[in-house]
Amino acid sequence: MEYYSTNGQAPLATLEKAVVKGLAEDKGLYMPEHIHPLPAAFFADMSGMSFHDVAYNVASAFFGEDIDLDVLHDIVCDTLSFPCPLVRVEENIYCLELFHGPTLAFKDVGARFMARLLSYFTQNAQNNQINVLVATSGDTGSAVANGFLGVEGIHVYVLYPKGKVSAIQECQFTTLGQNITAIEVDGTFDDCQRLVKSAFMDDELNRHMRLTSANSINVARFLPQSFYYFWAVAQLRKMRNGETEEESPIVCSVPSGNFGNICSALFGKRMGLPISRFIAANNRNDVFYEYLQSGEYRPRPSIQTLANAMDVGDPSNFARILDLYGHSHKSICEDISGATYTDEQIAETIRQCLKETGYQLDPHGACGYRALKEGLRPGEVGFFLETAHPAKFKDTVEGIMGQPVEIPARLAAFMQGQKQSTPMTREFSDFKAYLLSR
Ligand SMILES: *Cc1c(COP(=O)(O)O)cnc(C)c1O
């Protein structure tokens with residue numbers, strides 16, 4: 001299958017090219033040319049299948065023409081080395097817990113899949129080492145670093161702003177060693193991003209080493225996220241004793257920032273996933289919410305909120321949603337509604353949910369939970385996504401709840417490791433000299 005650019009000015013790309021390049025030549029996002037609906041038999045059998053089998057069926061529809069099926073099966077199983085359980089929070093409201101991976105956030109799924117796919121393509125082409133450059137303000141760096149940890153043929157450089165990521169976040173990419181190098185930049189996140197972009201554009205550097213990016217617009221990070229939406233429906237059917245979607249339509253609420261996660265669910269719906277409608281839950285960075293209300297998209301600089309992984313003022317995957325719906329505001333509104341919450345509302349929701357149900361939300365999941373609770377209509381059943389474990393935001397969440405959050409063992413293990421990082425100025429000439437010396 002080939003991939004086209006949302007900007008329509010770049011040639012079609014193979015999967016390999018789309019994965020290795022990330023962004024198309026015209027700066028558009030790659031889209032698969034076809035979205036194959038899954039057969040009725042798959043949906044009929046889904047709730048009796050394992051997570052790996054459900055995911056493999058979905059993966060085959062996207063990648064089956066381009067990757068040897070046995071290899072694809074291995075990649076899927078290897079990626080999903082942790083569960084994504086659906087748990088009941090209250091009557092008709094369920095939570096899809098996506099924080100059981102190595103870095104306790106949903107980004108583990110896409111990052112692990114992409115790492116394995118890149119490695120497959122490098123081995124196939126007998127190419128030399130690929131170097132992944134990633135700038136992070138916290139969460140992406142840890143998911144990408146851990147996703148690529150120990151993957152042969154790939155070296156990862158994580159650039160992060162000195163003193164501007166939390167201690168928990170920092171230890172998740174500075175203690176790994178092996179093929180991961182953490183670079184501590186004396187500057188801001190924007191400086192890190194600028195260094196990475198300049199490196200991609202530097203001819204001398206590109207002749208010296210193969211460079212690629214692992215940000216969320218990469219098809220190999222974004223499409224695999226659809227796996228767990230199918231798995232959620234499979235689990236829901238089982239937990240509801242075979243109740244059908246005709247009897248109780250399913251609503252799914254997604255805490256959204258760059259809109260990659262919800263976009264992969266919309267692809268799932270095109271493949272036949274029986275979810276009747278979606279809610280995109282925003283914090284105050286709510287340009288998508290405004291677009292739904294007004295039909296006008298007005299990106300603006302992001303503001304800092306409690307749900308910081310959703311502090312995005314110009315979500316890159318909006319282009320994919322527009323493309324998927326033929327730029328029709330009306331069609332988009334038929335499938336997706338929006339919600340927007342202030343920090344005060346997020347805090348209030350965390351307290352209220354804990355008090356009423358005993359369930360501990362993180363600030364991102366809190367937006368998803370509240371949007372579902374407020375938006376669910378009589379007769380519907382819904383699930384929201386818990387995109388990260390509350391312990392990742394320990395200080396914030398403990399401050400709000402007034403009670404301790406337990407740190408999972410795998411998170412505590414990171415905190416015991418030895419920090420290793422390379423100090424770097426914010427000057428590109430220094431960064432370039434460093435890479436040329438590698
Ligand atoms: C990245 C992230 C989000 C936002 O996901 P998008 O795909 O960018 O919409 C939400 N919650 C958490 C915890 C995240 O790390």
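Heads up: numbering here begins at 1 and tracks the sequence. Read the numbers this way: they start at 1 and go in the same order the structure lists the ligands and their atoms. No experiment lies behind these values; they were computed from the predicted model shown.
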Is Leu223 close to Phe63 at the side-chain level, that is, under 4.5 Å between some pair of heavy atoms? yes
Check whether Tyr94 forms a cation-pi arrangement with Arg237 (NZ or CZ under 6.0 Å from the six-membered ring centre, at most 45° off the ring normal). no
Could you say whether the N/O atoms of Asn258 and ligand 1 ever approach to under 3.5 Å? yes
Name the one of Asp314, Asp286, Asp311 that satisfies salt bridge (charged side-chain N to carboxylate O under 4.0 Å, His left out) with Arg300? Asp286
Considering only heavy atoms of Ser256, which atoms of ligand 1 have at least one such atom less than 4.0 Å away? 9 (O)
Which ligand 1 atoms are under 4.0 Å away from a heavy-atom of Gly260? 6 (P), 7 (O), 9 (O)
Close-contact set for ligand 1 against Met310 heavy atoms, below 4.0 Å: 10 (C)
Proximity flag Ala105 to ligand 1, non-hydrogen atoms under 4.0 Å: no
Is it the side chain (CB and beyond), the backbone, both or neither of Asp139 that lies under 4.0 Å from ligand 1, heavy atoms counted? side chain
Do Gln345 and Leu306 come within less than 4.5 Å of each other through their side chains, counting heavy atoms only? no
In ligand 1, the atoms that come under 4.0 Å of a heavy atom of Ala388 are 13 (C)
Side-chain donor-acceptor pair present, Arg370, Thr349, cut-off under 3.5 Å: yes
Under 4.0 Å, heavy-atom basis, I'd like to know which part of Lys107 is in contact with ligand 1: side chain, backbone, both or neither. side chain
Any N or O of Ala309 that comes nearer than 3.5 Å to an N or O of ligand 1? no
Measure the shortest side-chain to side-chain distance between Leu322 and Tyr297 over non-hydrogen atoms and say whether it is less than 4.5 angstrom. no
Salt-bridge contact Lys17-Glu2 (side-chain N to carboxylate O under 4.0 Å): no
In terms of atom number and element, which parts of ligand 1 are under 4.0 angstrom from non-hydrogen atoms of Asn261? 7 (O)
